[in-house]
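Order of appearance sets the numbers: ligands from 1, and atoms from 1 within every ligand.
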Amino acid sequence: MTGTASATVTGERDVRADFPILGERTSRGKRLVYLDSAATSQKPAVVIDAIDRYYREYNANIHRGVYEIAARATDAFEDARAKVARFLNAGEPAEIIWTRNATEAINLVAWSWGGANLRSGDVILVSELEHHSNLVPWQLLAERTDARLRFIPIDDRGELQLDTLDSLLEGCALVAVTHVSNTLGTILPVAEIVARAHAVGAVVLVDGAQAAPHMAVDVRALDADFYVLSAHKMLGPTGIGILYGKRALLEAMPPFLSGGDMIRSVSYERSTFNELPWKFEAGTSNIADAIAFGSALDYLDAYGMENVRAHERALLAYAFERLASLEKRGLALYGPHDPDRSSGVISMNFADIHAHDLASILDTEGICIRAGHHCTMPLMGRLDLAATARASFYLYNDRSDVDALVAGLEKAAAIFRLP
Ligand code: 7TS
């Protein structure tokens, strides 16, 4: 691990101290209780420092300059790619493509793989839980190619129903599922879905935006064909994301964006393309943030992804226990209530208080949660909900944050004179 916090990162110590923003106070003088990590995570000092160091010490464009700082920037950028490959247990760094975020990674696959491989009448199978980012690109691809969308159903608790999966997979060319639901926290049985999809010859993309930050992910054990994530949800900066793809699939895919860096040779008439992974990285990359993402992965490695999961699982169990006391006052919790089957997300509504009002009341106490449809409008419709209030945890949260949340909800109950 790089940076100053390395020696002290363990599951036991005050992790909050590594995150400068968590020492800030709100304008009302409240301690920051950050419970919106599903939207974006906070950043440890080592990540902020890595960005600062790049711009102060070795800012240069990569893959071109022969001078020292350009070589240093290129090495750091490619080193970060290798860290991502190790973090996901990819076969090789060339299977890791830098994108802006998970959304762009999904669009890359939809345009490049989808455009080359989907035929009229083919089925694209997604789940009823998907974030818009793993739904809208497939809707547009279906329109372009005359393919059909099908949906793996969920039950009212937000658990996937796999009993009809075999018939849904008939004629299926592509399955695109989230690993963890951003709205309900449900952990999907991705390995089983991949195996059953492969049995009918379908390719599988897994949206790991909410999983990779919170649990150990092994793309080869999952046998996922594509796996996408966003750095900003896992202690890294915004504007940098990852597409993992199996080499054979990526090799066969046409470029997505084109221009500089992704070519081998160019004449006025035609071009040949660079090898993997650069074939998919047109133009100057987000160098500083890729490097800083490498530092975020060092931090997560030092903490241990098993420890992240264990910490959040314990916190979730504690939250379910504490929130139970409010259920008789009208608190409704959505998604699986079992910490084994859910990641650190709790979606709720409190009696007839609108989710936005709830979020505003909590804000006066320094508590940051999200209210709304969480970019899952079809799921909201399926569950017959207009909005939920969502609290989401990460490794820097602890029991005092859960206690603050419960106290905030009790304050809301008092303001709304709930019985
Ligand atoms: N997939 C899932 C499962 C997500 O939760 C999100 C973002 C995305 C894809 C898109 O990530 P992006 O970095 O490309 O924007 N989810 C959320 C959320 O739940 N609240 O804000 C963003």
Next on the checklist: Any nitrogen or oxygen of Arg390 lying under 3.5 Å from a nitrogen or oxygen in ligand 1? Just yes or no.
Outcome noted: yes

Checklist outcome for this item: The atoms of ligand 1 lying under 4.0 Å from a heavy atom of Thr178, numbered in the order shown, are 3 (C)

Checklist outcome for this item: So the atoms of ligand 1 within less than 4.0 Å of a heavy atom of Ser230 turn out to be 11 (O), 12 (P), 13 (O), 14 (O)

Checklist entry - So, is Lys233 polar-close to ligand 1, with some N/O to N/O distance under 3.5 Å? => result yes

Checklist entry - Is the closest N or O pair between Thr103 and ligand 1 shorter than 3.5 Å? => result yes

Checklist entry - Between Arg220 and Glu95, does at least one N-O distance fall below 4.0 Å, as a salt bridge requires? => result no

Next on the checklist: I need the single residue from His214, Gln42, Lys233 that forms a side-chain contact (heavy atoms from CB on, under 4.5 Å) with Tyr394. Which is it?
Outcome noted: His214

Item to check | Atom indices of ligand 1, in the order listed, that fall short of 4.0 Å to a heavy atom of Ala209 | outcome: 1 (N), 2 (C), 4 (C), 9 (C)

Checklist entry - Is the His311-Phe393 ring centre distance short of 6.0 angstrom? => result no

Next on the checklist: Show me which atoms of ligand 1 lie under 4.0 Å from any heavy atom of Gln210.
Outcome noted: 3 (C), 4 (C), 5 (O), 16 (N), 19 (O)

Checklist entry - Can the ring centres of Phe293 and His232 be said to be less than 6.0 Å apart? => result no

Checklist entry - Does a sphere of radius 6.0 Å around CG in Asp155 hold more than 12 heavy atoms from other residues, nucleotides or ligands, not counting ones at 6.0 Å or beyond? => result yes

Checklist entry - Within the side chain of Tyr58, is there an N or O that forms a donor-acceptor pair under 3.5 Å with the backbone of Ala60? => result no

Checklist entry - Between His63 and Phe77, what is the ring plane arrangement, given parallel below 30°, perpendicular above 60°, and tilted in between? => result perpendicular

Checklist entry - Who gets closest to atom 8 (C) of ligand 1 by heavy atom: His131, His373, Arg370? => result His131

Next on the checklist: Between His373 and His132, does the ring-ring contact (aromatic ring centres under 6.0 Å, His included) criterion hold? Intermediate values first, please.
Outcome noted: CA-CA 10 Å; His373 54 63; His132 297 163; 5.7 Å; yes

Checklist entry - Given the side-chain rings of Phe19 and Tyr299, with only the six-membered ring counted for Trp, is the space between their centroids under 6.0 Å? => result yes

Checklist entry - Which atoms of ligand 1 sit under 4.0 Å from any heavy atom of Ala102? => result 14 (O)

Next on the checklist: Whether the Asp223 and His198 side chains hold a donor-acceptor pair (N or O, under 3.5 Å, no angle test) is what I'd like checked.
Outcome noted: yes

Item to check | Closest candidate by heavy atom, reference atom 2 (C) of ligand 1, pool Val345, Ile240, Asp207 | outcome: Asp207

Next on the checklist: Under a 4.0 angstrom heavy-atom cut-off, which atoms of ligand 1 come close to Asn182?
Outcome noted: 5 (O), 18 (C), 19 (O)

Next on the checklist: Please determine whether any non-hydrogen atom of Ala38 lies less than 4.0 Å from an atom of ligand 1.
Outcome noted: yes

Checklist entry - To the nearest 0.1 Å, how far is atom 21 (O) of ligand 1 from its closest protein heavy atom, and which atom is that? => result Ala39 CA, 3.4 Å

Next on the checklist: Using a 4.0 Å heavy-atom cut-off, which part of Ser133 comes near ligand 1: side chain, backbone, both, or neither?
Outcome noted: side chain

Item to check | Region of His232 that comes within reach of ligand 1 [heavy atoms, distance under 4.0 Å] | outcome: side chain

